Amino acid sequence: LFHDVRVEDIDPDTHAAFVIERVLDWGTMKSVRALVRLYGLDRLRAYFVEGAAPRVSPRTAALWKALFGLSEEECAPRSSPRIRSPFWTA
């Protein structure tokens with residue numbers, strides 16, 4: 001999941017959005033369960049309410065929005081999404 005970054009550089013608090021995006025899009029059921037234990041369902045719901053849905057795949061966003069009972073309007077981005085990960089390197 002994090003093959004393009006040094007795992008030891010990831011801070012779960014500072015880089016929460018990055019971790020959430022990776023695990024929700026590419027993780028296994030086991031890693032998603034670990035993500036829920038780490039952040040809790042409230043934090044994952046907040047991730048979508050804060051407008052981050054465009055940063056994950058449309059299928060991932062649809063699944064989690066349905067799970068949380070969120071409308072498209074509730075998940076609309078408040079500003080432009082980040083293009084790159086905080087760890088992206090050339």
Side-chain angles (χ1 to χ4, degrees):
L1 294 177
F2 302 102
H3 63 278
D4 59 336
V5 298
R6 289 178 24 159
V7 175
E8 57 271 11
D9 290 342
I10 299 173
D11 179 271
D13 295 320
T14 305
H15 306 117
F18 175 73
V19 172
I20 291 169
E21 292 159 16
R22 286 291 178 97
V23 174
L24 292 185
D25 259 346
W26 302 105
T28 63
M29 288 300 295
K30 183 177 179 178
S31 59
V32 171
R33 282 192 293 272
L35 185 78
V36 171
R37 281 193 306 274
L38 177 63
Y39 293 113
L41 288 175
D42 288 341
R43 175 63 185 99
L44 296 180
R45 184 183 190 284
Y47 169 83
F48 288 99
V49 171
E50 291 165 2
R55 297 195 318 234
V56 295
S57 73
R59 291 176 74 175
T60 297
L63 171 72
W64 286 90
K65 286 190 277 189
L67 176 75
F68 291 126
L70 298 171
S71 68
E72 288 297 321
E73 294 78 30
E74 289 175 288
C75 298
R78 309 298 184 261
S79 63
S80 298
R82 288 187 322 222
I83 301 294
R84 297 187 177 135
S85 130
F87 298 102
W88 188 83
T89 57

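Hydrogens, waters and symmetry mates play no part in the numbers below; they use all other heavy atoms, side chains included. Remember, it's a predicted structure, so these values are computed and weren't measured experimentally.
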> Ignoring hydrogens, what is the shortest heavy-atom contact between Thr14 and Asp11? Give both atom names and the distance.
N-OD1, 2.7 Å
> Please evaluate residues Arg55 and Ile20 with respect to the criterion side-chain contact (heavy atoms from CB on, under 4.5 Å), reporting the C-alpha separation (whole Å), side-chain torsions for both, the decisive distance (0.1 Å), and the verdict.
CA-CA 10 Å; Arg55 297 195 318 234; Ile20 291 169; over 6 Å; no
> Donor-acceptor check, side chain of Asp25 to backbone of Val56, threshold 3.5 angstrom: yes or no?
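No, because the side chain of Asp25 does not come within donor-acceptor range (under 3.5 Å) of the backbone of Val56.
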> Are Phe68 and Val49 close enough that some pair of their side-chain heavy atoms sits under 4.5 Å apart?
no
> Closest approach of Pro12 and Leu38, non-hydrogen atoms and distance?
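For Pro12 and Leu38, the tightest heavy-atom pair comes out as CB-CD2, 4.3 Å.
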> Should Leu41 and Leu63 be regarded as members of a common hydrophobic cluster, given that ILVMFWY residues are connected when their side-chain heavy atoms come within less than 4.5 Å of each other, either directly or indirectly?
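Per the 4.5 Å side-chain linkage, Leu41 and Leu63 are co-clustered.
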> Between Tyr39 and Val19, what is the shortest heavy-atom contact and its length?
OH-CB, 3.8 Å
> Aromatic rings Trp64 and Phe48: how do their planes relate, parallel, tilted or perpendicular, breaks at 30° and 60°?
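Trp64 and Phe48: parallel rings.
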> Return the CZ to NE2 distance between Arg22 and His3, rounded to the nearest 0.5 Å.
6.0 Å
> Compare every heavy atom of Leu35 with every heavy atom of Leu44, then report the nearest pair and how far apart it is.
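Heavy-atom minimum between the residues: CD2-CD2, 3.9 Å.
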> What are the two closest heavy atoms between Leu70 and Arg45, and how far apart are they?
CD2-NH2, 3.1 Å
